[in-house]
Amino acid sequence: MTILDGKKVSNDIKDEITEQVKKMVAKGEKVPHLAAIIVGNDGASLTYVASKVRACERVGFESTMVRMSNTTSEVELLDKIEELNTNSDVDGFIIQLPLPPQINTQKVLMAVNPDKDVDGFHPMNFGKMALDMSTFIPATPFGILELLDRYGVETKGKHTVVIGRSHIVGRPMSILMGRKGFPGNSTVTLTHSHTKNITQITSQADIVISALGVPNFLKAEMIKDDAVIIDVGITRVVDETAPKGYVITGDVDFENVSKKASFITPVPGGVGPMTIAMLLKNTLLARERHMQ
Ligand SMILES: Nc1nc2c(c(=O)[nH]1)N[C@@H](CN(C=O)c1ccc(C(=O)N[C@@H](CCC(=O)O)C(=O)O)cc1)CN2
């Protein structure tokens with residue numbers, strides 16, 4: 001069994017981006033600038049945005065964090081988005097999800113200029129992705145593709161089962177794994193809350209990508225021998241004995257599933273760190289496109 005080490009690969013990617021930024025600086029070019037809007041005080045979201053800002057600092061990008069209160073109205077957020085859309089110094093920006101209930105997430109994501117949509121959530125970019133056109137691929141699915149690629153995991157002709165149909169992970173992942181090319185050329189089954197007999201489906205899978213958010217959902221008896229297991233679940237489970245009062249738990253019963261799997265991502269240290277590295281890649285791409 002091989003661990004797909006997202007922490008290591010994400011550090012490699014950051015080192016590669018750092019080298020590219022140094023070359024930009026040497027040529028007197030402007031470095032990429034990422035902005036992140038965060039609405040409210042959700043602890044996990046604040047942690048992720050802080051990690052994004054730190055990652056920008058590490059690779060030499062400029063970054064701006066825009067904090068807005070939990071009571072921000074949709075109109076106020078749309079105004080801030082328009083400000084970033086028209087700020088020529090900002091190459092790309094993201095709106096950290098989830099958003100408070102008074103805000104219509106889809107409406108807000110549609111207001112982002114597709115050329116600055118480094119999360120790849122705008123319908124235009126999502127459509128381009130589905131049509132195999134060059135675009136910003138959402139960072140988590142992009143990170144999973146990169147992990148499969150760097151570890152040389154074969155996907156062609158394999159049966160991939162994706163668990164969960166979220167717009168951020170499950171849905172795009174199902175499209176990307178079925179696309180032509182590598183990683184891709186897989187036969188994909190997308191499962192969700194109305195799927196019957198999920199074990200019958202997962203036990204036929206060569207590759208299982210679980211993005212459900214239910215701790216320890218995927219058990220050893222649900223997979224076949226030598227399956228490739230990608231765990232996208234990151235749930236904070238309360239544990240008063242842990243230093244932070246919680247432990248990060250994935251969708252996969254790692255202890256038992258890892259004994260049967262050929263490749264597996266850990267949680268933490270698997271898909272999560274890749275999400276941040278691929279956001280940096282998309283921001284670099286946005287900068288390069290703006291220079292053309
Ligand atoms: N606008 C966006 N919102 C959200 C996205 C996104 O891609 N764009 N994805 C997730 C959150 N996310 C990034 O934003 C994210 C989640 C987890 C990690 C990560 O590194 N996790 C660590 C554990 C960290 C911890 O202690 O909590 C790991 O798995 O090792 C990075 C980014 C939802 N929102």
Side-chain angles (χ1 to χ4, degrees), residues 4 6 9-10 12-13 16-17 20 32 34 85 91-95 97 105-106 109-192 201 204-211 228-230 232 263 265 270-271 274-292:
L4 299 170
V9 173
S10 67
D12 292 347
I13 292 168
E16 290 158 18
I17 295 174
Q20 282 172 276
L34 173 71
N85 279 341
D91 297 293
F93 66 98
I94 62 125
I95 301 142
L97 301 180
T105 301
Q106 209 52 51
L109 294 177
M110 280 178 69
V112 175
N113 175 351
D115 292 335
K116 293 190 174 192
D117 171 38
V118 285
D119 254 336
F121 294 163
H122 190 284
M124 164 100 84
N125 288 323
F126 203 92
K128 283 184 168 179
M129 176 194 69
L131 294 169
D132 290 345
M133 294 165 76
S134 162
T135 187
F136 300 115
I137 294 175
T140 302
F142 196 10
I144 294 170
L145 294 184
E146 192 73 19
L147 264 183
L148 295 171
D149 186 9
R150 294 201 183 212
Y151 280 88
V153 176
E154 183 58 272
T155 58
K156 185 170 70 181
K158 303 291 181 187
H159 180 200
T160 296
V161 171
V162 179
I163 307 175
R165 57 181 163 183
S166 73
H167 294 174
I168 298 187
V169 187
R171 193 77 61 88
M173 204 63 239
S174 67
I175 294 169
L176 291 161
M177 290 300 281
R179 292 201 318 185
K180 286 182 182 163
F182 176 76
N185 283 329
S186 211
T187 302
V188 181
T189 303
L190 179 59
T191 68
H192 45 76
I201 299 168
Q204 290 175 38
D206 301 302
I207 302 169
V208 180
I209 302 172
S210 186
V228 175
I229 308 295
I230 308 292
V232 190
F263 293 89
T265 58
V271 173
M274 292 300 293
T275 298
I276 302 213
M278 302 320 275
L279 175 65
L280 297 177
K281 270 210 155 193
N282 277 342
T283 307
L284 184 61
L285 178 65
R287 177 78 215 112
E288 286 165 353
R289 284 189 180 172
H290 292 155
M291 286 193 303
Q292 283 163 10

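Values reported hereafter were calculated over all heavy atoms of this structure, with side chains retained and with hydrogens, waters and symmetry mates removed.
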Checklist entry - Can you tell me how far CD1 of I168 sits from OG1 of T275, rounded to the nearest 0.5 angstrom? => result 9.5 Å
Next on the checklist: Restricting to non-hydrogen atoms, name the atom on V112 and the atom on H122 that form the minimum distance, rounded to 0.1 Å.
Outcome noted: O-CD2, 3.2 Å
Item to check | Sidechain-backbone polar pair: T191 side chain, V162 backbone, donor-acceptor under 3.5 Å | outcome: yes
Item to check | Note, I94 side chain near F121 side chain (heavy atom, < 4.5 Å) | outcome: no
Next on the checklist: Nearest 0.5 angstrom please: I137 CD1 to K281 NZ, how far?
Outcome noted: 10.5 Å
Next on the checklist: Can you give me the closest heavy-atom contact between M278 and E146, atom names plus distance?
Outcome noted: CE-OE1, 3.6 Å
Item to check | CD1 on I144 to CE on M173, rounded to 0.5 Å | outcome: 4.5 Å
Next on the checklist: If we ignore hydrogens and angles and just use 3.5 Å, is the side chain of T283 paired with the main-chain N or O of G92 as donor and acceptor?
Outcome noted: no
Item to check | Gap separating the CG atom of L34 from the CG atom of L280, nearest 0.5 angstrom | outcome: 7.5 Å
Item to check | Within-4.5 Å side-chain heavy-atom neighbours: D12 and R150 | outcome: yes
Item to check | D115 vs H290 side-chain heavy atoms within contact, under 4.5 Å | outcome: yes
Item to check | Closest approach of P114 to N125 (non-hydrogen atoms, all atoms of both residues) | outcome: O-ND2, 3.1 Å
Next on the checklist: Contact between Q20 and E288 at the side-chain level, heavy atoms closer than 4.5 Å - yes or no?
Outcome noted: yes
Checklist entry - Hey, are the side chains of M129 and R179 touching, using non-hydrogen atoms and a 4.5 Å cut-off? => result yes
Checklist outcome for this item: Heavy-atom nearest pair, L176 first then P141, reads CD1-CB, 3.6 Å
Checklist outcome for this item: Residues G164 and L190: closest non-hydrogen pair is O-CD1, 3.4 Å
Item to check | For the student: nearest non-hydrogen atoms of S10 and M274, plus distance | outcome: N-SD, 3.8 Å
Next on the checklist: Between F263 and L148, is there a side-chain heavy-atom distance shorter than 4.5 Å?
Outcome noted: no
Checklist entry - Any donor-acceptor pair under 3.5 Å linking the side chain of K116 with the backbone of N85? => result yes
Checklist entry - Centre of F136's six-membered ring, under 6.0 Å away, within 45 degrees of the axis: is that where NZ or CZ of R289 sits? => result yes
Checklist outcome for this item: To the nearest 0.5 Å, atom CD1 of I163 lies from atom CD1 of I230 at 12.0 Å
Checklist entry - Under a 4.5 Å cut-off applied to non-hydrogen side-chain atoms, are N282 and F142 in contact? => result yes
Item to check | Nearest-0.5 Å distance, OG1 of residue T155 to CG of residue L145 | outcome: 8.5 Å
Next on the checklist: Please evaluate residues I209 and M177 with respect to the criterion side-chain contact (heavy atoms from CB on, under 4.5 Å), reporting the C-alpha separation (whole Å), side-chain torsions for both, the decisive distance (0.1 Å), and the verdict.
Outcome noted: CA-CA 10 Å; I209 302 172; M177 290 300 281; 4.1 Å; yes
